[in-house]
Amino acid sequence: MNVSELAKAVKSGDRRALARAITLVESAREDHRASANALLTGLRADAGGQGKEALRIGLSGTPGVGKSTFIENFGMRLTAAGLRVAVLAVDPSSTRSGGSILGDKTRMEKLSREPLAFIRPSPSQTRLGGVARRTRDVVALCEAAGFDVVLIETVGVGQSETMVAGMSDLFVLLMAPGGGDELQGVKRGIMEMADIILVNKADGDLRAAATRTAADYAGALRLLRRRPQDPEGFPKALMISALNDDGLGQAWDEMQALATWRHDNGHWQGRRAAQARAWFEDEVRQGLLAQLTSSEKIRRKLDDLGQEVAEGQRSAPDAAAEILSDLADP
Ligand code: GDP
């Protein structure tokens, strides 16, 4: 199958073609990279720039908070409404091949059997930059394949949240019920990225704690300055029980309300435009980094100059300037 046949098959909703296309964009091979770019360009051209937009939802939370349980029941709810749902996982810590702790399909047993759903584990890459690059491509593929909702899941560690928020239309943070000090542990930056905080496990013995936690987060969110891309009342905190499928309908209503408001007020397009620009700049950066390490000559020079800098024979800026001028004019 050549690239244009593959593009056609992806657009027609052929799942095996989609899986093949994803494998192609995830490949590190240079010739695959060229085909992947051609594929993505072809899909854009077919859509005439007017392709249907999926709702991209970023979802984060610490391990054990209930992400898989949430995605399983939330996803089933969406597919029951006739929506096509793609689930992608970004697990920066995963170095295993062919899957990851996050991507394990057995975590979402019902959803993985659902014909309207597509679950894809995290690409196995050691560098977060590499994962980001591939995931953006995969989101674009899912969008071209006509999915209505693309859920991008990540664990609540470090930079991966910023990365996922940077490729989502909405960012949802899943939290566990806890005491007041729980709030202190959430980094301000992450709170600022969140559009909706879902306090999970609001059931049984944990319900009272969840109520308090949701009120705490709601208070904390009110203290953050309201952002121009938000309507009244957002960002907001809600209680849910992913396990009992309780509150998930309301969570979906809120997500849709926010998405619609942003659409109608120009913020959706603005956010996507800024993301596209950041993506481009990131591609250039990653490409430059790749160039640095792809040439044996430059690698050796990096080593030698690094040694000279370490021994105090050269200044760091001077040595760096030499490498950069080599890159510009090899
Ligand atoms: P993940 O690591 O974030 O994907 O979390 P999981 O979805 O695997 O859930 C971790 C544990 O929490 C499992 O034992 C779930 O059954 C449990 N859990 C998830 N959601 C809920 C919930 O709403 N209520 C309760 N009581 N337990 C839940």
Side-chain angles (χ1 to χ4, degrees), residues 1-27 32-59 68 70-90 98-100 102-123 133-153 164 167-170 248 252 255-256 259-260 263 268 272 275-276 279:
M1 210 188 276
N2 65 29
V3 165
S4 79
E5 284 163 353
L6 186 58
K8 222 163 142 191
V10 166
K11 273 188 70 73
S12 76
D14 178 338
R15 301 161 66 94
R16 280 188 34 217
L18 177 60
R20 271 186 68 176
I22 293 177
T23 304
L24 184 65
V25 303
E26 285 179 355
S27 168
H32 286 173
R33 195 65 223 151
S35 304
N37 284 343
L39 175 67
L40 291 165
T41 303
L43 286 168
R44 278 181 63 84
D46 282 355
Q50 299 295 310
K52 192 190 70 161
E53 284 183 326
L55 176 59
R56 307 174 186 168
I57 303 171
L59 179 75
S68 345
F70 174 80
I71 293 171
E72 167 101 320
N73 284 330
F74 185 72
M76 290 303 289
R77 194 170 260 279
L78 300 184
T79 56
L83 296 171
R84 296 181 63 209
V85 182
V87 179
L88 314 175
V90 173
S100 71
L102 278 178
D104 190 355
K105 280 189 186 179
T106 58
R107 293 185 314 140
M108 302 159 204
E109 235 186 307
K110 278 184 287 168
L111 194 62
S112 63
R113 284 196 305 265
E114 174 55 52
L116 290 179
F118 180 85
I119 301 178
R120 182 75 184 188
S122 178
R133 196 172 169 186
R134 297 295 87 79
T135 307
R136 283 200 193 95
D137 288 352
V138 176
V139 170
L141 286 174
C142 291
E143 200 148 29
F147 282 92
D148 300 293
V149 176
V150 179
L151 267 169
I152 312 156
E153 173 200 13
V164 168
M167 56 180 85
S168 309
D169 302 311
L170 302 177
L248 303 193
W252 174 233
M255 290 179 211
Q256 284 180 294
T260 303
H263 249 299
W268 173 288
R272 285 218 170 182
Q275 288 177 347
W279 182 4

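None of the values given here were measured: they were computed from a predicted structure.
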Given I22 and L18, is the side chain to side chain contact (heavy atoms under 4.5 Å, CB included) satisfied, shown in steps? CA-CA 6 Å; I22 293 177; L18 177 60; 4.1 Å; yes
Walk me through it: do E114 and M76 pass the test side chain to side chain contact (heavy atoms under 4.5 Å, CB included)? CA-CA 8 Å; E114 174 55 52; M76 290 303 289; 4.0 Å; yes
Would F74 and L59 satisfy side chain to side chain contact (heavy atoms under 4.5 Å, CB included), going step by step from the backbone distance to the final call? CA-CA 12 Å; F74 185 72; L59 179 75; over 6 Å; no
Test side chain to side chain contact (heavy atoms under 4.5 Å, CB included) applied to V150 and E143, step by step: CA-CA 8 Å; V150 179; E143 200 148 29; 5.5 Å; no
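Using cut-offs of 30° and 60° for the angle between ring planes, the F147 and F118 rings count as tilted.
Annotation: the span from H32 atom NE2 to L39 atom CG amounts to 12.5 Å, rounded to 0.5 Å. Atom-to-atom distance recorded for L111:CG and S68:OG is 11.0 Å, nearest 0.5 angstrom. Rounded to the nearest 0.5 angstrom, E26 CD and R120 CZ are separated by 4.5 Å. For the atom pair CG of L141 and OG1 of T135, the computed distance is 11.5 Å after rounding to the nearest 0.5 Å. Taken to the nearest 0.5 Å, the CG atom of L24 stands 10.0 Å off from the CZ atom of R134. For the atom pair CG (L88) and CZ (R136), the distance works out to 13.5 Å, reported to the nearest 0.5 Å.
Closest of all the heavy-atom pairs between I57 and S168 is C-OG, 4.0 Å. Closest non-hydrogen pair, A17 versus L6, comes out as O-CD1, 3.7 Å. In terms of heavy atoms, D169 sits closest to A54 at OD2-O, 3.5 Å.
A donor-acceptor pair shorter than 3.5 Å cannot be found between the side chains of W279 and Q275.
The pair D14-R20 does not count as a salt bridge, with every side-chain nitrogen at least 4.0 angstrom from each carboxylate oxygen.
V138 pairs in a side chain to side chain contact (heavy atoms under 4.5 Å, CB included) with only one of the listed residues (V90, V25, I152), which is V25.
Here the side chains of D148 and L55 are not in contact, with every heavy-atom distance at 4.5 Å or above.
In this structure a side-chain-to-backbone donor-acceptor pair under 3.5 Å is present from T23 to A19.
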Pairs of donor and acceptor atoms involving the side chains of residues 80-87, under 3.5 Å and at least two apart or interchain, shall be tabulated with distances.
residue	atom	partner	partner atom	Å
R84	NH1	A145	O	2.8

